[in-house]
Amino acid sequence: MSKTSRYEWRDQQASLHERMKGFLQNPGNEQLEAVVAEMRAYADAAKSGHIEIPQSWTSYS
């Protein structure tokens, strides 16, 4: 996996995480729809090959 691909994947993960955090802080239909749309975009990007998901990674958080 290239460095660029890893950064793109990390950015996509961060965006999804922020959407989920927003939903958890303020649960509502609008936030839920935003989370679902972000998850669908992530899945579509992974399926189409626009983002590369690493086989393994280490989380430091």
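We count residues from 1, following the sequence as given. All values reported here derive from a predicted model rather than from experimental measurement.
Of all the heavy atoms in Leu32 and Phe23, the pair that sits closest is N-CD1, 3.6 Å. Taking all atoms of both residues into account, the shortest heavy-atom contact from Ser15 to Glu38 is OG-OE2, 2.8 Å.
In this view, Thr4 satisfies the side chain to side chain donor-acceptor pair (under 3.5 Å) rule with no residue, not counting sequence neighbours.
Checking Arg19, Met20, Gln13, Lys21 one by one against His17, the side chain to side chain contact (heavy atoms under 4.5 Å, CB included) holds for a single residue, Lys21.
Note: the hydrophobic cluster containing Leu16 also contains Val36 (ILVMFWY, side chain heavy atoms under 4.5 Å, direct or indirect links).
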